[in-house]
**Student:** 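A single structure is presented below for examination.
Residue numbers begin at 1 in each chain, while the letters A, B, ... track the order of the sequences.
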Amino acid sequence: MYYIILSILFPILTGLYLLVRKEIKDRKRLLTITGIFLVISGALVILALCMAGNGIFTLFNLTERLPVLFRIDEVSVVFSVMTVIIFLCAGFYSFVYMKHEEKEKRYYGYYLMVLGVLIALCFAGNLITFYLFFELLTLSSMPLVLHNGSREAIMAGLKYLFYSLSGAYMSLFGVYFVERYGNTLTFSPGGVISAQAAAEHGGILLIVCFAMLIGFGVKAGMFPMHAWLPAAHPVAPAPASAVLSAVIVKAGVLAIVRVVYYIFGASFLRGSWVQNAWMVLTLITVFMGSMLAYREPVLKKRLAYSTVSQLSYILFGLAVMNEGSVTGGLLHVLCHGFIKTALFLCAGAIIFMTGKTKVSELRGIGKEMPFLMWCYTIVSLGLIGIPPTGGFISKWYLAEGALASGIPGFNWIGPVILLISALLTAGYLLPLTIQGFFPGADFDYSALKKKEPPLLMTVPVLILTVLSVGIGLFPQVFINYLSQIVEKII
Amino acid sequence: MIMLVILIPVIAGILVPLIPFKKRSHMEIFLETLVILNSLLVWNLLIHRPESVFTLANFTGNLSVSFKVDGMSMVFAGLVSALWPFATLYAFEYMTKEKHEKTFFTFYTMTYGVTLGISMAGNLLTMYFFYELLTLVTVPLVMHTLTREAILASRKYLYYSLGGAAFAFIGLIFVIIYGSTTDFVLGGVLDLEKIGNRSNVLLLIYVIAFMGFGVKAALCPFNSWLPDAGVAPTPVTALLHAVAVVKSGAFAIIRLTYYSFGVEFLRGTWAQNVVMLIVMFTIVYGCSRAVKETHIKRRLAYSTISNLSYILFGVTIMTPLGMVGALSHLVFHAVMKISSFFCAGAIMHQTDKHYVHELDGMGYTMPGVFGVFTVSAFALMGVPGLAGFVSKWNLASAAVESGNVIAYGGIACLLISALLTAIYMLTIVIRAFFPVKDFDFKTLDGEKDPNWKMLVPLFVFTIFMIIFGLFSAPIVNFFADVAAGIY
Amino acid sequence: MNIVRNFPAVSILLCLFAGIISSGLKKKMAGYVNTVLISIVGLLSISTLFYVLSTGEAFVYVMGKFPAPWGNEIRAGVLEAFMALFFCIIMLLSLFGGRKKLTDEVEEGKTFLYYVLMDLLLASLLALVYTNDLFTAYVFVEINTIAACGLIMIRQNGRTIEAAARYMIMSLLGSGLLLMGLCMLYDLTGHLLMSNIKEQVAFVYASGEYRIPLLVTIALLSVGLAIKSALFPFHAWLPDAYGYSTVSSAAVLSSLVSKGYIFLLIKIIYRVIGFEIFYESRIVDALFAFGLMGMIFGSISAIRENDIRRMIAFSSVAQIGYIYMGIGMGTQAGMEASIFHILSHAATKSLLFVAAIGLTDVSGGSRQFIELTGSGYRNKWAGVAFTVGSLSMVGVPLFSGFVSKLLFAQAAVQNDIKMLPALIVLGISTILNAIYFMKTVIRIYTPLEDSKYGSITFKNMKLYVAALVCFIILNVALGVSSQPIVDLIGQGLAMFS
């Protein structure tokens, strides 16, 4: 039991410790301390997953009817394992990358805190606990966005903050109603809304459900509240962008999974106007995100738009609400998490080594850092959905689920848009590969030098690449595990 | 006993200019001792509550000046007496830079007694009585600096307050005429037989009286005195204009609504809708003005305006749960706002900076103050785990429970306001802790945290914010008992 | 026959005699005579009051040997005796408060005249209070007017003469209307004694004839007295008359003279026309409406004023509006409130005038606000007194003004139609009062760096301070223990009919 609380509090407290303690002059010492903290945090999470079991762990009562409680279920496992892996990779990567940024101590402090808060989100057992850490997530991750302190970064940070908070408050609006009409806020597969409550207050419940979807959807960059994402992700230091874009946005996805399948219940929503509206929003986001990414010249921004689009793949899967699509969505959570981290880390490494940010400046980059660019290319293929990578499997399930859903209109529009978006994905990711490896005949090869980044940068990228391919090679392991979840909630 | 706790501060205040203190510290010890003593007496009184009504004097007819300690009194008197000693301690330090200290402490201490008088008043007339008195004893405090600005502000304050009281007075008259008594009885005292078919008139009068008392609670459109009154020394702004005075307005409205007119009479009428809409508007209006304001204290004052209307929103829901929400925000907001005001005061005291844009990077030179400020900002936003969340939760769940569609809109207003709160509070925090890239820290040389007299109150309030946020059940249960009429 | 029954008549005669004697005395002696006179009259009134309270009914004292329906009568009930007592107290305190100032304001050789006029004024006021026949009333109304003009004019500067002339013209206009009213009443009824007229009026009214003449009569009487007591819009004479005369004159004029007329009006309503008949004529509504307007416009004029004395004078217009609003309510409660307000306003307004003079004295004699800055510190007593007076006017609890506001509002609630206008105007007028009075209070307590005026010490103004303290006590007494007085008023009104 106490492993849970330990795994949450340890990173938060160590993060706080780093924040308040005096400046550490010796950079090596700082890195050693941070590294140890990171590893221990990761170990504690794994320990918690192994030891804590399935029980409910109530920490204390916020008010009489609002307990703060934790519980580990399969969804927690999926999200927390992904979080830990990505945080460790990006964390070690940043030991190198952060050399050219200031105020490293502050960065690691918030980085650890965000990790703790994310773990808490994964383990949260009821909506109010979830909400608590959701707000803390916004507050603790905001400093990562505005880390470099330029005016642009600060404005982006504020934008991130206010978008996220307004989303959080929209969902809070729903929480109030759910607390009253559902009898509990504890997550339970299939929802907590009784048939009676659904009959009596169905109208208002659908409205608040929609409000909560939009609200939590802000974090997941869902249209119409997506504008913060392309502004906030690129200005952060690259490893921070990676975790923001790969994990922190997943908190929004997790929130929606919890709200839709564990609070309202799929059966309550299926066929309602909320489901339709939600699907429309996700499809718009998928298409729009890809289009914007396609037109974007700056690499990191392009990746951020890509996140907007890819997250809505997941949300679309969740919105369709049948076995295949939900499995696909959850699998895409993992794929996208690993792939997007790898992509951002690559972009970061390019910036770190060359200082170039625009795609058009990067001709011939494949000759300079071939290993990194190979990794980039592989994960790009994964995101596009070319077999045998993980992305193919998840998109397959998504499309199959949508086709099988039988929802008129969406059962064919959905897959079509996903396909178009996949083409666009190829369109915005592959030019870098092409220009990088085949800069053209007129290119001056003599200016190039070997610039492969240090091991601490390449190894995390390699690990993530392997993982993303691994999902595609051994999909059954993952599908089996996810279907346990899906069985319960559909 | 009740008279004693009211009189001790008043007499102590009067004595301040009369006793020739040899040293300043003697006066500090004298006042602090008396204030703490009085607070202890108040708490003692609240714990061993006399059941009977204590009548001081008969006024005219069946009107009397009488006192009674009931649940509401316990909440408000308990709050005030808990905060006053800390605020006095803080004021000692703050006032070292101001003139006419003795006059200041005279009225400052007298206000304590008068506020207790409001809280323990046993009937509407007595409350009205102390309510007017409160205006009068606080005006010299607003005027304190005697600059032209201060005098204009105090005039405005006076006109608004007295004018508001004049309309509240009309409500008083109606309760006298149409009520069976003017004593405070949970559920109201109106005599329905006497009212007959005049209920619409009475509702109109309720709205008028609500607005009248609402002036002190800075209800829009009568709110502009509050930011202007911020020219007063910070202990005054913090304690009086965030707690004692404005909360008296809210307190009076609770009394008026729940104890005199009675919610049974009001619920579901147009009067309820009208006041609720006004309150909702004020919630959003106050916040948006706060966002635009660049002067720290004025920004906080606008924030107070909006937060006071949270309380009033709870009142206008007109259910026992609504009252619980109102009471919890009454208490919690007091702690949050006094702490943020004290931070602003500490900044002004230490550095003479008054505007938000001057605060860049100060989180590193005054970590204590800005740490507390950050906590209070989070609390005001309603981050779970801090006091503000609990009171908002109570308000919102009361609104949901009431089933009133306008109240649903009120929840939306609360949340919009929470967002705006985040904007105006966090921009300060972000400036302080995350200055722009090439910020020159040398400009901040020589700035440091204030001494213990200022920091102790701040830390105590912070602890309270966290305790209220995490373990609110006992105190919220107590509010529920009050709302159910158990006390 | 109890000796006390002679007291009312004796007090009137005493005043007249004192006036005659004083005209031959030196200034100091005249002052002493005046003080003694007022005290004696006060004592006589007290004994009358107790007598009436003990017997429980009013008594009529026939002057000379002609019985009714001819001859002159004096009638003393609870209310009359109490009013007489109260008038004495206020007059005495006002004179004390202004005594020191008098030497500056009035020429050396004319001081005795001042006291003569005061004696006459008291005589006429007592007569207005006690009289039971309209002819005597009219005679003393004229004496009152003349005495008041004298009191205004005795401080000789250009403005007072102008003010007195204005006052004279307006006042005589009022007297003329009053006289016409009385004539018509005499035509209708053939009587001059109040009780007889009332019977006849009731008879005529019941017969249904002469409705219009009766209405006109009531209108003439009301308007005549309204002009004399400066009801809006007939108040044009007031600010100068109160603003520029000597301080005691201003205090006495504003708190007693106009109140004497109002009291006479109330008496006419109850004892001549009859309450119901008066109420059924729509004149009450007019009085009510003008009262409300007076409350607002008087205060607005006061806000615009830059001269403290004139400001207080304009405030009187507003306060008289309150009184007429109470009368215009047409209920017993309204009337009671009005009478209480006569008392409370008398106590407060004279306090304000007296306090104001103390403040202007330490500001180089200037009455402009700008010069008054910080005067509350230079003359502490006057400052406190002015603050108390202002708070009372604004209607802060503990002071008399609050009680009258309470009574007015309670009375208003009982009248369904007039309730809302009355209450709302009451509220607005409170705000307006607050604006100009509190502005002044803040002004006098705004310290002035290196003031060019010296402060004044307690030694130099013992009598003045004593007067102020008494006024404050009176004010607070009215505010705190109002119940006996309200009861007394109720009892007195009951005796009227």
**Student:** Between atom CE of C/Met419 and atom CD1 of B/Ile205, what is the distance when rounded to the nearest 0.5 Å?
**Tutor:** 5.5 Å

**Student:** Measure C/Val394 against the heavy atoms of chain B and call it side chain, backbone, both or neither at under 4.5 Å.
**Tutor:**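 For C/Val394, side-chain heavy atoms alone lie under 4.5 Å from chain B.
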
**Student:** Indicate the atoms forming the closest heavy-atom contact of C/Gly395 with B/Glu132, along with that distance.
**Tutor:** O-OE2, 3.8 Å

**Student:** Can you measure from NZ (C/Lys439) to CG (B/Leu158) and round to the nearest 0.5 angstrom?
**Tutor:**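 Nearest 0.5 Å value for the NZ-CG distance: 12.5 Å.
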
**Student:** I want to check something: taking the side chain as every heavy atom from C-beta on, are C/Met438 and B/Tyr157 in contact at a cut-off of under 4.5 Å?
**Tutor:** no

**Student:** Count the heavy-atom pairs under 4.5 Å between each of C/Ile424, C/Ile442, C/Val441, C/Thr446 and chain B, then report the option with the highest count.
**Tutor:**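 Maximum pair count with chain B is reached by C/Ile442.
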
**Student:** Would you sort out whether C/Leu407 and B/Ile173 count as a side-chain contact (heavy atoms from CB on, under 4.5 Å), showing the intermediate values?
**Tutor:** CA-CA 9 Å; C/Leu407 292 173; B/Ile173 295 296; over 6 Å; no

**Student:** I'd like to know which of B/Phe167, B/Tyr178, B/Phe169 tops the heavy-atom pair count under 4.5 Å against chain C.
**Tutor:** B/Phe169

**Student:** Which heavy-atom pair separates B/Ile170 from C/Leu423 by the least distance, and what is that distance?
**Tutor:**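 Of all heavy-atom pairs spanning B/Ile170 and C/Leu423, the closest is CD1-O, 3.3 Å.
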
**Student:** Evaluate whether atom CD of B/Glu149 has more than 12 neighbouring non-hydrogen atoms of other residues, nucleotides or ligands under 6.0 angstrom away.
**Tutor:**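 No, CD of B/Glu149 has 12 or fewer neighbouring heavy atoms, counting only those of other groups under 6.0 Å.
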
**Student:** For C/Leu420 and B/Leu204, run side-chain contact (heavy atoms from CB on, under 4.5 Å): C-alpha distance rounded to whole Å, both residues' side-chain angles, the deciding distance at 0.1 Å, then the answer.
**Tutor:** CA-CA 10 Å; C/Leu420 276 184; B/Leu204 177 65; 3.8 Å; yes

**Student:** At a 4.5 Å cut-off on heavy atoms, which part of C/Ile428 comes close to chain B: side chain, backbone, both, or neither?
**Tutor:** both

**Student:** What part of C/Ile485 is in contact with chain B, defined as an atom under 4.5 angstrom from a non-hydrogen atom: side chain, backbone, both or neither?
**Tutor:** neither

**Student:** Do other residues, nucleotides or ligands put more than 12 heavy atoms under 6.0 Å from C/Ile370 CD1?
**Tutor:**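 It does not: C/Ile370 CD1 has 12 such atoms or fewer within range.
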
**Student:** Counting a contact as any heavy-atom pair under 4.5 Å apart, which residues of residues 159-166 of chain B contact chain C?
**Tutor:** B/Tyr159, B/Leu162, B/Gly163, B/Ala166

